[in-house]
There are 4 protein chains.
Amino acid sequence: MSKAHGSRNGGAPGRPRDAHIDAAVLAATLEVLDEKGYAGLSLEEVAGRAGTSRPTIYRRWAGRAPLVLAAIAARLDVPAPPDSGCTLCDLAESFNVFLAAYRTIRPDVLASLYSDCARDPELRDCFLGTLIEPSRRAVGRTLDQAIARGDLRAETDREQLLDLLGALVHYRALFGREHLTDSEAERAIQTLLRGVAVDYPALVAHSQALELEHAAPHGDHGEHGDHGDRTA
Amino acid sequence: MSKAHGSRNGGAPGRPRDAHIDAAVLAATLEVLDEKGYAGLSLEEVAGRAGTSRPTIYRRWAGRAPLVLAAIAARLDVPAPPDSGCTLCDLAESFNVFLAAYRTIRPDVLASLYSDCARDPELRDCFLGTLIEPSRRAVGRTLDQAIARGDLRAETDREQLLDLLGALVHYRALFGREHLTDSEAERAIQTLLRGVAVDYPALVAHSQALELEHAAPHGDHGEHGDHGDRTA
Amino acid sequence: MSKAHGSRNGGAPGRPRDAHIDAAVLAATLEVLDEKGYAGLSLEEVAGRAGTSRPTIYRRWAGRAPLVLAAIAARLDVPAPPDSGCTLCDLAESFNVFLAAYRTIRPDVLASLYSDCARDPELRDCFLGTLIEPSRRAVGRTLDQAIARGDLRAETDREQLLDLLGALVHYRALFGREHLTDSEAERAIQTLLRGVAVDYPALVAHSQALELEHAAPHGDHGEHGDHGDRTA
Amino acid sequence: MSKAHGSRNGGAPGRPRDAHIDAAVLAATLEVLDEKGYAGLSLEEVAGRAGTSRPTIYRRWAGRAPLVLAAIAARLDVPAPPDSGCTLCDLAESFNVFLAAYRTIRPDVLASLYSDCARDPELRDCFLGTLIEPSRRAVGRTLDQAIARGDLRAETDREQLLDLLGALVHYRALFGREHLTDSEAERAIQTLLRGVAVDYPALVAHSQALELEHAAPHGDHGEHGDHGDRTA
DNA sequence: TGCTAAGCGAGACGGTACGTCCCGTCTTAAT
DNA sequence: ATTAAGACGGGACGTACCGTCTCGCTTAGCA
């Protein structure tokens with residue numbers, strides 16, 4: 001049906017794999033996943049929707065969990081971390097990478113993946129590498145910039161902070177309880193920053209100044225919520 | 001096999017339930033759960049080990065998830081929150097309630113429960129009520145005391161703080177990665193407290209004073225890790 | 001609920017049985033039997049429709065088969081065999097007793113009873129006594145009259161003939177194939193009689209004479225089919 | 001375990017059926033059937049004895065009834081009808097085909113099949129085709145020969161006679177009452193033949209002549225019973 | 001151009017467990 | 001003692017998927 005050959009498939013003999021099938025299967029997987037969740041996903045149905053057969057799927061993925069992981073990973077994309085010079089803004093922005101990445105995943109699917117990973121170290125590594133690390137790394141880089149800039153104390157425990165932030169996202173993502181909202185996320189960041197910032201009020205001031213600057217020309221609609229500290 | 005009747009079961013008609021069966025099933029459930037995890041638990045096997053039959057189990061619990069939830073809840077017990085006057089100590093102590101409650105649960109089991117809850121609101125309420133709320137409430141009370149005492153700022157967002165703490169526990173409990181250790185937990189508490197305390201150094205001082213008091217008579221082996229702030 | 005007591009129930013102590021229940025259960029049994037057949041009849045449903053409970057049914061009948069047998073037997077009634085002097089007519093008439101008794105029974109129910117009886121001698125005796133023997137006896141008496149009258153040969157094997165007739169009825173009753181019709185039945189009787197009659201043509205002649213006699217006053221529309229021998 | 005392939009299975013796609021399984025299941029079915037009867041036969045046990053699983057059985061037969069039917073049919077074999085020129089002998093011989101076919105079937109099994117067939121037309125057709133028609137056809141052919149030969153009256157109702165004979169066999173086969181014996185069967189045939197033969201005494205004479213002929217050389221052990229008419 | 005090796009669909013394989021139904025019995029409290 | 005109610009232990013049901021296998025056919029690259 002297709003002619004994807006470039007005369008080369010690594011020198012392997014025999015008929016090469018049909019790349020269209022991979023795509024169709026991943027798409028079908030996401031479709032079923034969104035409709036019926038993880039427990040309701042049977043490879044039988046995925047094969048049916050993708051117009052292929054079960055053995056063909058098993059030839060490419062080791063089972064349900066790896067397939068689902070691949071399907072979800074394929075949909076995700078993690079943009080580069082920002083570096084505007086404003087620690088508060090950058091962190092909030094960067095944190096949204098975290099959030100956006102999980103808001104597309106059904107809670108039950110995420111939880112089931114966690115469960116499968118707990119029993120399969122190989123799968124776990126893959127899970128970490130494709131779903132966890134990328135966004136963690138992005139936020140991590142933002143933290144590093146803030147520390148380098150002298151906004152956060154030098155002895156700040158980077159990993160602990162990432163854990164606290166990541167935990168919050170996942171905790172909420174795992175419950176049917178609506179995912180973390182943007183404003184909740186920002187307030188959490190504020191609480192955490194107050195614990196690790198060298199001079200928290202200064203950070204707030206800087207952020208507000210920048211905001212005004214941006215807002216002045218076009219008029220601020222305030223749709224981001226402000227970074228201000230209501231208690232100050 | 002036993003009689004157990006007290007001539008009273010609330011006036012309900014029909015043969016009363018045999019409480020021994022409930023106990024045997026819950027015990028068998030925990031046994032299988034610890035051996036094979038959630039995915040490896042079949043009601044068939046539970047029934048077998050409990051010396052009863054599948055229908056009898058279905059008569060008492062609506063399915064696998066409610067059964068597992070009940071079994072885990074039965075094993076849990078949440079002690080009363082402490083109130084020693086030392087915010088740092090109390091919080092650490094109280095937080096251990098959180099931790100202890102989850103360290104007995106296999107990560108895959110917890111994750112699977114999350115997954116099932118995400119699709120079943122009724123189950124979710126039960127899950128929240130039996131596995132989440134009790135420990136959250138315990139820590140919450142400790143926070144309230146600290147606020148009342150004036151150790152934490154009056155406008156502290158109690159729920160947010162609980163979320164951050166709880167999230168951390170669950171996040172770790174869900175990964176095969178070893179659960180949160182006591183020292184990690186303490187350091188996380190410190191980070192958070194620094195963000196919400198009225199006078200953080202004073203809290204640390206108070207805690208250390210108490211510790212010395214206790215330690216003096218027997219000699220302190222330092223096995224709890226100290227509450228000291230390395231940055232001070 | 002009822003007060004059927006006459007202050008006497010044979011001196012038995014305790015609460016006397018409620019006769020209404022027997023009737024209600026038998027009626028419910030017939031109802032379910034007619035709707036869903038033997039395999040579809042559960043004592044649970046019968047109890048429900050009769051407004052009583054399973055144990056109460058078991059107290060009165062030993063199980064499904066005896067209950068069904070009792071229900072069917074209660075509906076049956078076998079009238080006295082005729083003795084008009086006309087062997088052909090009597091036999092046909094008597095044979096209808098056979099037929100009528102079975103036309104009210106669903107084939108699958110009859111067959112299932114046969115099956116249960118094959119494994120339970122006690123039930124079998126009851127089955128024979130209530131469903132088979134009465135009609136067999138009625139036809140048997142007619143045969144005896146015919147032999148006594150000299151219409152059938154003296155050495156006629158009464159039992160064999162009854163077997164052949166009975167077999168035919170049951171054979172048909174057991175198949176979904178419509179039960180034996182009246183005209184088929186009559187022709188079968190003719191075939192058999194020709195094998196055992198002393199003077200078959202004379203029997204036919206007698207029968208036809210009687211028929212005319214009866215028919216003359218009101219005009220015979222021949223709706224019974226005639227007993228004539230097409231071959232004569 | 002075995003290969004058995006002839007590279008051809010009719011061009012059907014997919015993995016071909018393993019014929020050994022069919023055989024093992026049918027054998028196991030007969031085994032259980034003979035031991036515990038129809039009601040005592042569970043597909044679970046059959047699967048166990050055949051070394052396979054329930055779903056595999058359901059893949060090949062639609063349920064218990066079709067399976068049992070297939071198992072019984074596989075054991076049956078209907079030999080060709082005889083044509084010796086002696087109507088009485090042929091009929092008796094042919095009738096034994098009828099008998100032999102049913103003497104191997106437990107009454108309760110036969111009855112249960114009847115019951116199931118009464119509710120399922122498709123099954124009924126299969127039942128008729130495999131268990132009823134073959135032997136009926138064999139006897140039917142013998143009757144045709146007798147009519148063609150002029151031994152039976154031309155207007156004889158072939159179907160009615162077959163019904164009467166078949167009914168007798170089944171009637172007896174359905175009761176635990178011992179199956180029809182050979183001598184009973186012969187006497188029934190005689191009764192029936194007298195009703196349809198052109199010249200019954202001649203038939204008897206012919207039969208007896210043949211018997212002497214056969215008996216003379218080897219000496220007659222009389223194991224067939226004689227065809228004589230005790231009443232003559 | 002033909003060989004070889006893999007991919008592919010189809011579908012049956014042996015198997016585990018599901019959730020349900022109904023059995024026949026037992027244990028209550030109430031009549 | 002019998003009633004209605006309802007749980008008991010138990011056996012079997014028919015179904016859904018699992019992950020694997022065996023086919024016959026197709027497709028490509030290498031010879």
B:Arg59 has an atom CZ; how far is it from atom C1' of F:dA5, in whole Å?
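Nearest whole value for this atom pair: 14 Å.
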
Which whole-number value in Å describes the distance from B:Ile57 CD1 to E:dA17 P?
13 Å

I want to confirm an ordering. Mapping B:Thr52 and C:Ile21 to their closest nucleotides on DNA chain F, which one lands closer to the 5' end?
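Here C:Ile21 is the residue nearer the 5' end.
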
Can you tell me whether the side chain of B:Ser53 and the base of F:dG10 have a donor-acceptor pair closer than 3.5 Å?
yes

Within the modelled atom types, does a donor on one side and an acceptor on the other bring the side chain of A:Arg54 and the base of F:dG19 under 3.5 Å apart?
yes

DNA chain E: D:Pro55 or C:Tyr58, which has the more 5' nearest nucleotide?
D:Pro55

Is there a side-chain contact between A:Leu113 and A:Ile72 in this structure, where contact means two heavy atoms from C-beta onward sitting under 4.5 Å apart?
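Yes, close enough: below the 4.5 Å cut-off.
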
Do the side chains of C:Arg119 and C:Arg124 get nearer than 4.5 Å, heavy atoms only?
no

When you check the gap from the basic side-chain N to the acidic O, do C:Arg49 and C:Glu35 get nearer than 4.0 Å?
yes

Just checking B:Arg17: base, sugar-phosphate only, or nothing, at a heavy-atom cut-off of under 4.0 Å?
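Counting heavy atoms under 4.0 Å across all strands, the contact made by B:Arg17 is with sugar-phosphate only.
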
Residue set satisfying side-chain contact (heavy atoms from CB on, under 4.5 Å) with C:Arg54, at least two apart, ordered chain then number -> C:Leu43, C:Glu44, C:Tyr58

Nearest 0.5 Å please: distance from the CG atom of A:Leu41 over to the OG atom of A:Ser112.
10.0 Å

Quick check on contacts: within residues 62-74 of chain B, what sits under 4.0 Å from DNA chain E by heavy-atom distance?
none

Nucleic acid contacts of residues 40-51 of chain B, taken as heavy-atom distances under 4.0 Å to DNA chain E:
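Output list: B:Ser42, B:Leu43, B:Glu44.
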
Mind checking ring pair (Phe, Tyr, Trp, His ring centres under 6.0 Å) for B:Tyr114 and listing every partner two or more places apart, or none if nothing turns up?
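Partners of B:Tyr114 by the ring pair (Phe, Tyr, Trp, His ring centres under 6.0 Å) criterion, ordered by chain and then number, come out as A:Phe175, B:Phe127, B:His170.
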
Where at least one partner belongs to residues 63-75 of chain B, residue pairs that pass side-chain hydrogen bond (donor to acceptor under 3.5 Å, both in side chains), sequence neighbours excluded:
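For residues 63-75 of chain B, and leaving out neighbouring residues, the side-chain hydrogen bond (donor to acceptor under 3.5 Å, both in side chains) pairs sorted by first residue read B:Asp34-B:Arg75.
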
Residues in contact with DNA chain F, drawn from residues 26-39 of chain B - heavy-atom cutoff 4.0 Å:
none

